[in-house]
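Ligands are counted one by one from 1 in listed order, and the atoms in each one are counted from 1 as well. Below, each value reflects all heavy atoms present in this structure, side chains not excepted, and no hydrogens, waters or symmetry copies.
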Amino acid sequence: MSKPNPHIVILTGAGISAESGLGTFRDVGGLWSRYDWRDLATPEGFARDPGFVLAFYNWRRERVRAARPNPAHVALARLQRHWRGGVTLITQNVDDLHEEAGSEDVIHMHGTHLRALCAACGHRWPAPETMAASDPCPACARPATRPDVVWFGETPYHMDRIGRALTGAGLFVSIGTSGTVYPAAGFAAAARQAGARTCELNLEPSENAGHFDEARHGPASRVVPDWVASLLD
Ligand code: APR
């Protein structure tokens, strides 16, 4: 009897959406080379100047809404449809390009641009076109609206489910992430520890390239479809 197809756990980062026109964070010209993450991606920065933070996320949300999936997103949706061992897709990205490409059950560990969160009562609702700090929460009516994204110092979402997926993975694949932000940066080592093979698909070797058994370097829009074809065709 042939070996069963391993369960594949995939982690994506900003690099998979780079060719869709959405900036990355740490490349040359990346967002954190132009803005200070302490002002825009921490609860303290939001408390200091909620208007500035919300204006940044309004701008990012507009860019996300205008962006379209690229062949890398499409290839992962194809893999999810056809891989018999099952695929768990985890993303650090807060865009919805995986879903727009047809992926389902995407685990957004850093939240999503497309939802608003009430900082007072925890209620979540679809993000409006533009978000203002004075927007009343639809549930508690208090003016405590923020983007439903995970900032530095906050706990990423779905970590229990992610931990279970990593221990059950036969193959862990990291795509378009610099491997610098934990806990995501620790997933490759955790999966390997649990017996998975590990593969990195990235423009260039990431910070934790040493945790991967295999690597394919190049733009995601070419490397990811080629990798999926090598599995399915
Ligand atoms: N194809 C493939 N990889 C690419 C491409 C591309 N076209 N362009 C860039 N990359 C790679 C870069 O080489 C880099 O390794 O994508 C990675 C992007 O790294 P970061 O900018 O650090 O983005 P990411 O790893 O997703 O950041 C993690 O940091 O600021 C927080 O919450 C934010 O989720 C984000 C987290």
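Within 4.0 Å of ligand 1, heavy atoms belong to protein residues G13, A14, G15, A18, E19, T24, F25, R26, D27, W32, Q92, H110, F152, G176, T177, S178, V181, N202, L203, E204, G218, P219, A220.
A ring-centre distance under 6.0 Å is not found for H108 and Y157.
Classification of the F25-W32 ring pair by plane angle, with boundaries at 30° and 60°, yields tilted. In this pair, W59 and F56 present their aromatic rings tilted. The plane angle is within the 30 to 60° band.
Checked for salt-bridge contact, D95 and R60 miss the test: no charged N lies under 4.0 Å from a carboxylate O. A salt bridge links D233 to R78: one of the charged nitrogens lies within less than 4.0 Å of a carboxylate oxygen.
Within the structure, the salt bridge (charged side-chain N to carboxylate O under 4.0 Å, His left out) test picks out the following pairs touching residues 153-180 (sequence neighbours left out): D105-R161, R146-E154.
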